Protein chains: 2
Amino acid sequence: MHRLQAKRIRFRPKKHRSPDGLPTDICLFTILSVPRPTKTRSLPHKQLAVLLIERKSDTYGQQWALPGGFSKESETLDECAYRELKEETNIDRNVHIEQLKTYYKPGRDPRGWIPSVAYVSLVHEDLLKHARAADDASDARLFPIEEAFALDLAFDHREILTDALQRVREKMLQTNIAKAFLPDEFTLSELLQVIETVVPSFKVSDRGNFERRLLATTRRQGILEAVVDADGKPVYSTEYSNSPAKLYRFTDYTPTAMIY
Amino acid sequence: MHRLQAKRIRFRPKKHRSPDGLPTDICLFTILSVPRPTKTRSLPHKQLAVLLIERKSDTYGQQWALPGGFSKESETLDECAYRELKEETNIDRNVHIEQLKTYYKPGRDPRGWIPSVAYVSLVHEDLLKHARAADDASDARLFPIEEAFALDLAFDHREILTDALQRVREKMLQTNIAKAFLPDEFTLSELLQVIETVVPSFKVSDRGNFERRLLATTRRQGILEAVVDADGKPVYSTEYSNSPAKLYRFTDYTPTAMIY
DNA sequence: ATAATAGTGTCTCTTAGACAGTATGAT
DNA sequence: ATCATACTGTCTAAGAGACACTATTAT
């Protein structure tokens, strides 16, 4: 067996250029609650929102862009994303973060050879409230996604945002990331609302059937379980309705969604 | 690292270092068929294999590694991956390729600040046969995955390979990427074999039930459809058995696997 | 009473899962 | 006859989907 040694390069010859930086950019999604003025207690209206910052550079005039920043040699990409998150929102870890994809094509950044490692982060609204309070002079703002897409975003951030949204929608149906937008204990309506807010096409005709599908049966484990008190009685909440609503939580069991 | 000072680039502020390169590394999976010496026609034994190349550098002695190479400013990351694929296997496009994740942690590459954009590629065995024939003096070899994991792989390639395998297993159950390892028309046994080869834990007790689950019913679309001739009669194959086996193909319909 | 939400029960028809059996054709 | 694979049919019980109805309590 002969080897083609010439092909493997040990050290990069000096004549080669290398990237001018490797930033991470973050698509931070949250769900905003807007209380509705109804006659009796009701569920707030919810909308999916994304965090954008206003760029005030010469390069990309007054455009909105995904928050992000250059990674350092001494940190991992995850650490960089967390650092940016902290700088921008004052959120310190303990939030869902995942790497989406790395973007590069010639000319994507007028400043040079700068690929971008995109991240997706899902954050509960409450965490951001605290964060924003702490730094209201920020150049960051939450946009409902339709509004965000109506903007002329900097760089290829529209493409990144599109991919990120698709990723979140897929995972919303195939995993239990709905957790990221819910308290530990929640009502069925809240869960339904979260799913429908993220995936508008998701419609459930019958709440009763939906409930049964998620609870354990004889030959199936359950995704949800009812919250019970010391006596084993179900716990109810009247936060969003006069009629007490059963509280549920996610079980340890996460089914592997499969098509076969 | 001092040698790299020379390549300070125009745009970024001089005080900042930037990466020394951004290679793509490819986890190329294929399924090897090993005919079994049986008394009558039979299905070949199949095993999942990954392509590795032998590194002969001072840095990482005689180790095996994922094939890959540095990306250029003038190309996208996908193009770089395709280019590497072509150089290593002579395969020219038309194969499944997808970006997995970008890896970096301080020290992952002793040569410097070199993150790696990992790709996953699924290639049908036949394509590789042609490719290997064309370049037998290659330093590349296919390893059954268990053997690959038994090796002391260079860099963090074991971690990458682990993630890649997990990704392929997930998608094997949640999408129809089994396509990548199958001809257009195939028997149920072949499909089952592919799934079981990639996901060993996937077991089907009853072939008849498996078949019914994949075909269209009154209130469900089908993942598969039987191949029929001009008269509407099913087409059979005796390639792997004396008993004629119905041929199937994937339909356009790909269900969205969901847990709710 | 009504508003907005939550909950229960029941009926039917699909279909998953299990089981049992036959078929093919080369050796 | 046997081997390795493929196909067919039936039975049962589970559960999805549809429908109809009641409950809660502030206003």
Side-chain angles (χ1 to χ4, degrees), chain A residues 33-46 185-193 196 202-224 226-228 233-248 255 258-260, chain B residues 33-46 185-193 196 202-224 226-228 233-248 255 258-260:
Chain A
S33 293
V34 185
R36 295 177 304 151
T38 51
K39 301 188 175 176
T40 73
R41 260 176 280 186
S42 67
L43 291 157
H45 178 250
K46 301 206 168 178
E185 304 179 350
F186 50 87
T187 65
L188 273 188
S189 295
E190 287 181 279
L191 172 57
L192 266 171
Q193 254 201 328
E196 286 173 1
F202 183 85
K203 287 288 178 224
V204 165
S205 54
D206 192 303
R207 281 177 40 97
N209 293 338
F210 179 70
E211 177 182 15
R212 264 194 325 222
R213 208 157 55 224
L214 299 191
L215 297 175
T217 68
T218 18
R219 50 182 195 201
R220 209 196 43 213
Q221 296 200 62
I223 299 172
L224 300 185
V227 177
V228 294
K233 300 279 180 195
V235 179
Y236 292 83
S237 157
T238 54
E239 190 174 359
Y240 299 120
S241 86
N242 296 322
S243 180
K246 240 180 237 158
L247 286 175
Y248 293 91
M258 61 166 100
I259 66 170
Y260 295 109
Chain B
S33 294
V34 186
R36 296 176 304 152
T38 50
K39 300 190 178 175
T40 73
R41 260 174 280 185
S42 65
L43 292 158
H45 178 251
K46 301 205 169 181
E185 304 179 351
F186 49 86
T187 66
L188 272 187
S189 295
E190 286 180 280
L191 172 57
L192 266 171
Q193 253 201 327
E196 285 173 1
F202 183 86
K203 289 287 178 225
V204 165
S205 54
D206 190 305
R207 282 177 37 98
N209 293 339
F210 180 69
E211 177 182 15
R212 263 193 323 221
R213 208 156 56 225
L214 299 191
L215 297 177
T217 69
T218 18
R219 49 183 196 202
R220 208 193 46 211
Q221 296 199 62
I223 299 172
L224 300 185
V227 177
V228 294
K233 299 279 181 194
V235 178
Y236 292 84
S237 157
T238 54
E239 189 174 358
Y240 299 121
S241 87
N242 296 320
S243 182
K246 239 181 238 158
L247 286 176
Y248 293 90
M258 60 168 99
I259 66 172
Y260 296 107

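Everything quoted here is computed from the prediction, not taken from an experiment. Chain naming here is simple, since letters A, B, ... match the order of the sequence lines and numbering starts at 1 in each.
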> Less than 4.5 Å apart, any side-chain heavy atom of Ser237(A) and any of Phe186(A)?
Replying inline: no
>> From CZ of Arg36(A) over to C1' of dA4(C), roughly how many Å is that when rounded to an integer?
In response: 8 Å
> Reckon Thr238(A) touches a base, only the sugar-phosphate, or nothing at all at heavy-atom distances under 4.0 Å?
Replying inline: nothing
> CG of Leu247(A) versus P of dT5(C): gap in Å, rounded?
Replying inline: 17 Å
>> From C-beta outward on Arg220(B), which listed nucleotide comes closest to its side chain: dG17(D), dA16(C), dA4(D)?
In response: dA16(C)
> Ser243(B) near the nucleic acid: base, sugar-phosphate alone, or nothing, with a heavy-atom cut-off under 4.0 Å?
Replying inline: base
> From Gln193(A) CD over to His45(A) NE2, what is the distance, rounded to the nearest 0.5 angstrom?
Replying inline: 8.0 Å
> Considering only side-chain heavy atoms of Thr218(A), which listed nucleotide, dT24(D), dG17(C), dG15(D), is closest?
Replying inline: dG15(D)
> On DNA chain D, nearest-nucleotide positions of Leu43(B) versus Arg212(B): which is more 5'?
Replying inline: Leu43(B)
> Base, sugar-phosphate alone, or nothing: which one does Ser42(A) contact when heavy atoms must sit under 4.0 Å apart?
Replying inline: sugar-phosphate
>> Need to verify one output field. Residue with the more 5' nearest nucleotide on DNA chain D, Lys39(B) or Tyr248(B)?
In response: Lys39(B)
> In whole Å, what is the span from the CZ atom of Arg219(A) to the P atom of dA13(D)?
Replying inline: 10 Å
> Side chain of Asn242(A), base of dT25(D): donor and acceptor closer than 3.5 Å?
Replying inline: yes
> Whole Å only: how far is the CG atom of Leu214(A) from the C1' atom of dG15(D)?
Replying inline: 14 Å
>> List the residues meeting salt bridge (charged side-chain N to carboxylate O under 4.0 Å, His left out) with Glu185(B), not counting sequence neighbours, and say none if there are none.
In response: Arg249(B)
>> Quick check: closest heavy atoms across Val204(A) and Glu196(A), and the distance to 0.1 Å?
In response: N-OE2, 4.2 Å
>> Side chain of Lys246(A), heavy atoms from C-beta onward: which of dG15(D), dT8(C), dT5(C) has the nearest atom to it?
In response: dT8(C)
> Would a 4.5 Å heavy-atom cut-off, applied to side chains only, mark Leu191(B) and Tyr260(A) as touching?
Replying inline: yes
> Is Arg220(B) reaching over with its side chain to a backbone N or O of Arg213(B), donor-acceptor style, under 3.5 angstrom?
Replying inline: yes
> Can you tell me if Arg41(B) uses its side chain to pair, donor with acceptor, with the backbone of Ser243(B) under 3.5 Å?
Replying inline: no
>> Whole angstroms only, please: what is the CG-P distance between Leu215(B) and dC7(D)?
In response: 11 Å
> Can you check the Arg213(B) CZ to dG15(D) C1' distance for me, whole Å?
Replying inline: 16 Å
>> Need to verify one output field. Residue with the more 5' nearest nucleotide on DNA chain C, Thr217(B) or Arg41(B)?
In response: Thr217(B)
> Do you know which two heavy atoms are closest between Leu192(A) and Arg207(A), and how far apart they sit?
Replying inline: CD1-CG, 4.0 Å
>> Please list, in numerical order, the residues of residues 202-209 of chain A that have a heavy atom closer than 4.0 Å to any atom of DNA chain D.
In response: Ser205(A), Asp206(A), Asn209(A)
> Roughly how many Å is it from CD in Gln221(B) to P in dT15(C), rounded to a whole number?
Replying inline: 13 Å
>> If I take atom CG in residue Leu188(B) and atom C1' in nucleotide dT5(D), what distance separates them, rounded to the nearest angstrom?
In response: 12 Å
